[in-house]
2 protein chains.
Amino acid sequence: MQRLIDHFQQYLPLNDEEKELIITRARPRKIRRRQMILQEGFVCKHYSFVLEGCFRMFAVDQKGVEHNVEFVAENGWISDIGSFHAQKPSQLFIEAIEASEIIQIEQQDLYHLYINIPKLDRIFKVIIENKFIELQNRMLQNISATAQQRYLHFLAQYQHLATRLPNTQIASYLGITPEFLSKIRKDLSDH
Amino acid sequence: MQRLIDHFQQYLPLNDEEKELIITRARPRKIRRRQMILQEGFVCKHYSFVLEGCFRMFAVDQKGVEHNVEFVAENGWISDIGSFHAQKPSQLFIEAIEASEIIQIEQQDLYHLYINIPKLDRIFKVIIENKFIELQNRMLQNISATAQQRYLHFLAQYQHLATRLPNTQIASYLGITPEFLSKIRKDLSDH
DNA sequence: AAATAGCCTTAATATATCTTAAGGGTAAAT
DNA sequence: ATTTACCCTTAAGATATATTAAGGCTATTT
């Protein structure tokens with residue numbers, strides 16, 4: 001739990017009372033590999049902070065094909081924010097790619113924390129701003145770069161993830177088929 | 001200026017003192033068509049709230065081709081958030097597509113407002129959460145849908161924009177060439 | 001140890017999208 | 001009123017990426 005407090009304090013210091021309140025509203029949880037913490041059709045109940053392990057958020061299209069929207073590993077937050085705030089059924093899945101440990105905060109608890117610790121508004125504002133910047137960069141890549149360039153960019157920016165993920169998951173994140181990623185990798189290795 | 005206050009009050013009520021402070025720190029400005037309010041290589045100095053008109057944020061690739069990252073029209077915010085907060089040179093341009101009126105807040109002013117009106121942390125947290133959700137949906141479309149599906153989705157979600165934008169700008173936003181968009185439109189009109 | 005399932009690769013063929021080139025239409029600039 | 005610049009379209013040929021099918025390799029599972 002200290003890890004979560006430390007995480008928040010990277011943004012702003014907290015006093016003991018604030019730390020205590022956060023601790024009462026957050027719950028640690030172990031997740032097995034392949035376990036889902038969100039499924040399509042259900043409301044996203046939590047904001048989840050990843051202590052150990054790795055998750056993917058994905059959608060399934062009409063043909064049943066999965067598309068990875070996001071990966072989140074250590075010290076990152078994952079949630080379907082739209083579903084969480086609107087309390088509407090999600091169209092997304094969140095699945096553990098590895099055995100993981102997380103800390104979860106439920107919606108009412110998070111709202112309670114926001115009211116009693118206004119600093120958290122600031123902290124989460126910055127957290128989401130950073131996620132937005134990252135996503136906007138990825139979007140720019142997607143509309144302007146070839147699949148090979150996107151793959152190289154992914155390797156450079158997310159080395160820590162790239163080595164832990166099967167290529168098939170990376171392909172889904174890049175928006176290409178595993179077969180085509182395989183071709184890209186061959187072309188690269190042939191210099 | 002009242003428009004900005006009203007905008008904030010859609011999220012949370014403000015008292016007179018808060019309104020007054022915001023007004024002293026925000027500046028209205030008229031922008032001509034094609035005028036740039038941010039250019040590559042410069043630090044993004046402002047958060048800009050659009051009263052009237054329409055802007056695009058775009059990047060220029062090595063070949064000199066422009067890629068539209070985002071459109072923002074009435075009651076939306078536009079800024080290169082990364083450049084703004086880090087005070088680092090931007091890689092993006094922001095240009096008025098129509099003659100426009102905006103209200104701008106400089107970095108130091110916004111930070112001053114955040115400190116003196118903690119509510120604004122909450123308000124901007126929600127604003128950016130909504131932008132994030134929108135962008136994540138677009139990202140999902142981009143990795144999972146064909147150009148035709150993306151175009152139809154764009155028309156459905158942004159009718160108000162679609163009719164005001166030249167197709168060449170829409171094509172750039174969708175990540176396709178104008179020629180291919182033209183073909184898509186023909187295929188659609190042939191049912 | 002065998003069987004199963006997931007992952008990675010290869011290659012042939014098909015489809016989506018880009019490039020280049022050209023022409024016509026319309027709005028802004030002179 | 002003419003010119004210029006921008007925008008939209010069409011089409012042929014090129015390239016990027018998807019689809020299908022097959023085979024091999026590992027790590028589980030039986």
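Below, chains carry the letters A, B, ... as their sequence lines are ordered, and counting in each starts from 1.
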Any donor-acceptor N or O pair under 3.5 Å, side chains A/Y173, A/R56:
no
In this structure, how many angstroms lie between the P atom of C/dA12 and the NZ atom of A/K183, rounded?
12 Å
For D/dA11, does either OP1 or OP2 sit under 4.0 Å from a side-chain N or O belonging to B/K186?
yes
Would you mind reading off the distance between B/E95 atom CD and D/dC6 atom P, rounded to a whole angstrom?
11 Å
Between C1' of C/dC7 and CZ of A/R164, the distance in whole Å
19 Å
Please report whether the ring centroid of B/F93 lies less than 6.0 Å from that of B/F42.
no
Other residues, nucleotides and ligands only: do more than 12 of their heavy atoms fall within 6.0 Å of CD on A/E17?
no
Does anything in residues 169-179 of chain B reach DNA chain C, meaning a heavy atom under 4.0 Å, and if so which residues?
B/G175, B/I176, B/T177, B/E179
Pair A/F71 and A/Y158, ring centroids less than 6.0 Å apart
no
Rounded distance (Å) that lies between atom P of C/dA16 and atom OH of B/Y151:
18 Å
Pairing of B/K125 and B/D121 as salt bridge, 4.0 angstrom limit
no
Which whole-number value in Å describes the distance from A/L188 CG to C/dT10 P?
13 Å
Base, sugar-phosphate, or nothing: which does A/R34 touch, judged by heavy atoms less than 4.0 Å apart?
sugar-phosphate
Rounded distance in Å - CZ (B/R32) to P (C/dA28)
16 Å
Ionic contact status for A/E52 with A/R3, cut-off 4.0 Å
yes
Length of the CZ-P vector between B/F180 and D/dA12, whole Å
16 Å
Under 4.0 Å between a side-chain N/O of A/R185 and OP1 or OP2 of C/dT9, yes or no?
yes
Would you kindly compare B/N167 and A/K63 by the position of their nearest DNA chain D nucleotide and give the one closer to the 5′ end?
B/N167
Rounding to an integer number of Å, can you tell me how far B/L181 CG sits from D/dT10 P?
12 Å
Side chain to side chain donor-acceptor pair (under 3.5 Å) evaluation trace for A/D61 with B/S144:
CA-CA 8 Å; A/D61 68 20; B/S144 66; 6.0 Å; no
Touch check for B/S182, heavy atoms < 4.0 angstrom, all strands: base, sugar-phosphate only, or nothing?
base
